[in-house]
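Quick notes on the structure that follows.
Chain identifiers are assigned alphabetically (A, B, ...) following the order of the sequence lines, protein sequences preceding nucleic acid strands; residue numbering begins at 1 within each chain. In this text, all values refer to a predicted model and were calculated from it rather than measured experimentally.
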Protein chains: 2
Amino acid sequence: MNASDDSAGRTAPPKRKDARRNKEALLDAAAAVFVTSGVDAPVRDIAAKAGVGLGTIYRHFPTRADLIIAVYRHQVDACAEAGPALLASSATPHAALAQWIDLFVDFLVTKHGLAAVLQSDNPGCDALHTYFIDRLVPVCTHLLEAATEADEIRTDLTAYELMRGVGNLCIGADSDPRYDARRLVQLLIAGLRPPH
Amino acid sequence: MNASDDSAGRTAPPKRKDARRNKEALLDAAAAVFVTSGVDAPVRDIAAKAGVGLGTIYRHFPTRADLIIAVYRHQVDACAEAGPALLASSATPHAALAQWIDLFVDFLVTKHGLAAVLQSDNPGCDALHTYFIDRLVPVCTHLLEAATEADEIRTDLTAYELMRGVGNLCIGADSDPRYDARRLVQLLIAGLRPPH
DNA sequence: CGACGATACGGAACACTGTTCCGCTTTGCA
DNA sequence: TGCAAAGCGGAACAGTGTTCCGTATCGTCG
């Protein structure tokens, strides 16, 4: 079980209570700072907000990406779990896919700069990219297959490519009122439908 | 005329011949380094390749973005000028739009990391974003209007939004064989067509 | 042809990142 | 209560883009 826990990125809680307290404080501080300053906020700001030294942050979260993952894990999991539910409750698989993508887009767009970090080539941020992909691509594949079997989808687009494209479309959607990522994603999903 | 030249980002060539030589060397070096190391290559690498000091680079190109603009100006201009030509030579406005977007995507995808820099919020890179937008959005607007008048377009999508979306879709298209930006852009363009 | 002022150069230095390291403190158990 | 182990803080490192200024070069003018 430990192996699977670790592969999911989760770690056993620290033994000492000061360590537990600091880890909590860091997660809270990071969440708060991400909201106000975006996901790119300097590590030092987070440490300061948590009232903690830099060493502490890096012991609990070996890299910046790990902290981001820890902060958003629950929401990503919730999104992943909503996939099958939507498939069961929607009129058609294509509708389920569209709703699920909406969920994902809403999540990304409300986290300043997250979409940008998600695809950035910065070494160390691979972990973040990988986590999102590992968690969400299987769900998307499932939805995509259902829609394909129902002949509601035109191409043999990979779930990975779709997720990647949607993620990219969300970049900079905050911080630019002239750009509405939701609309473009809807267009992309519309483009998936087969021509009559 | 000087005013309009400046507003287009062009600057009068330096008076002294060593200055002219260095500017040329910098442009050549930058182009070469961008090809091998991507558009994010450190400024120091470019200066070294040009056999020039850091001060020199910043005198000729006040910011990183200005250097990138200077390197790609000709290609961006060519792309902009291809718009009206395509409109004249294509069967339908929608086809012209699709071909023009293809041109743009080809350009972006072959410049490692350019699409990413284009939307990045780094202060100083605004100039780059602005240059692309100013140069290409009018052309895109023109194509979009033609297609709209021919009833080949579904929504009232802004040219800005479309360019932005296409640019975003191209991010990371190099450096990831699993992701084919061209296909996603085609899907997006397909999504523009009106439903029957 | 020889000053000499304007122009341009080089690279050290600054500000800001993420990350590492290590001496010191705190904790929880024996 | 003592004391190893676990954890902590923040100085220090490495790598960015950018600024600054003493020095070298250029082109002109006498």
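Rounded to 10 degrees, the angle between the two end axes of the helix from C/dC1-D/dG30 to C/dA30-D/dT1 is 20°, with five pairs used at each end.
Considering CD1 of B/Ile68 and CZ of B/Arg64, their distance stands at 5.0 Å, rounded to 0.5 Å. Atom-to-atom distance recorded for A/Asn22:CG and A/Leu26:CG is 6.5 Å, nearest 0.5 angstrom.
Within 4.0 Å of B/Ala65, counting heavy atoms only, lies no atom of the nucleic acid at all. Counting any heavy atom pair closer than 4.0 Å across all strands shown, A/Ala41 reaches sugar-phosphate atoms only and no base atom. The residue B/Arg64 sits close only to the backbone: its heavy atoms come under 4.0 Å of sugar-phosphate atoms, none of a base.
In summary, the side chains of B/Tyr179 and B/Asp174 do not present any donor paired with an acceptor at a separation below 3.5 Å, with no hydrogens or angles considered.
Within residues 15-23 of chain B, the residues approaching DNA chain D are B/Arg16, B/Lys17, B/Asp18, by heavy-atom distance under 4.0 Å.
Note on ring orientation: taking the six-membered ring where Trp is involved, the planes of B/Phe104 and B/Phe132 are tilted (angle from 30° to 60°).
For D/dG17, the base has a donor-acceptor partner in the side chain of B/Arg44 [N/O atoms by modelled type, under 3.5 angstrom].
Contact check, B/Thr63 against D/dG17: no side-chain N or O comes under 4.0 Å of OP1 or OP2. Look at B/Thr56 and you won't find any side-chain N or O under 4.0 angstrom from OP1 or OP2 of C/dA8. Contact between the side-chain N/O atoms of B/His60 and the OP1/OP2 oxygens of C/dA8 is not found at any separation under 4.0 Å. Side-chain N/O atoms of B/Tyr58 include none lying less than 4.0 angstrom from OP1 or OP2 on D/dT19.
Following chains of ILVMFWY side-chain contacts shorter than 4.5 Å, one can reach A/Tyr131 starting from A/Val166, so the two form part of one hydrophobic cluster. When hydrophobic clusters are built by joining Ile, Leu, Val, Met, Phe, Trp and Tyr residues whose side-chain heavy atoms come closer than 4.5 Å, directly or via intermediates, B/Val105 is grouped together with A/Leu162.
Taking atom CG of B/Asp66 as the reference point, atom P of D/dT19 lies 11 Å away to the nearest angstrom. Taking atom CD1 of residue B/Ile57 and atom C1' of nucleotide D/dT19, one finds them 14 Å apart after rounding to whole Å. If you measure from atom CG of B/Asp45 to atom P of D/dG15, you get 11 Å, rounded to the nearest angstrom. We find that CZ of A/Arg59 is positioned 8 Å from P of D/dG9, with the value rounded to whole Å. Distance, A/Leu67 CG to C/dG18 P: 11 Å, rounded to whole Å.
For the pair A/Leu108 and A/Leu118, the minimum side-chain heavy-atom distance is below 4.5 Å. Within the 4.5 Å cutoff, no side-chain heavy atoms of A/Arg44 are placed close to those of A/Lys49.
Salt bridge annotation for B/Glu161-A/Arg183: present, with a cationic side-chain nitrogen under 4.0 angstrom from a carboxylate oxygen.
Annotation: of the two residues near DNA chain D, B/Pro42 and A/Gly53, the 5′-most nearest-nucleotide partner is A/Gly53.
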**Message:** One pair to check against side-chain contact (heavy atoms from CB on, under 4.5 Å): B/His129 and B/Arg164. What are the steps and the verdict?
**Reply:** CA-CA 10 Å; B/His129 183 94; B/Arg164 197 60 213 271; 4.0 Å; yes
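Closest approach to the B/Leu54 side chain among D/dT16, C/dA13, D/dA12 is made by C/dA13 (side chain taken as heavy atoms from C-beta onward).
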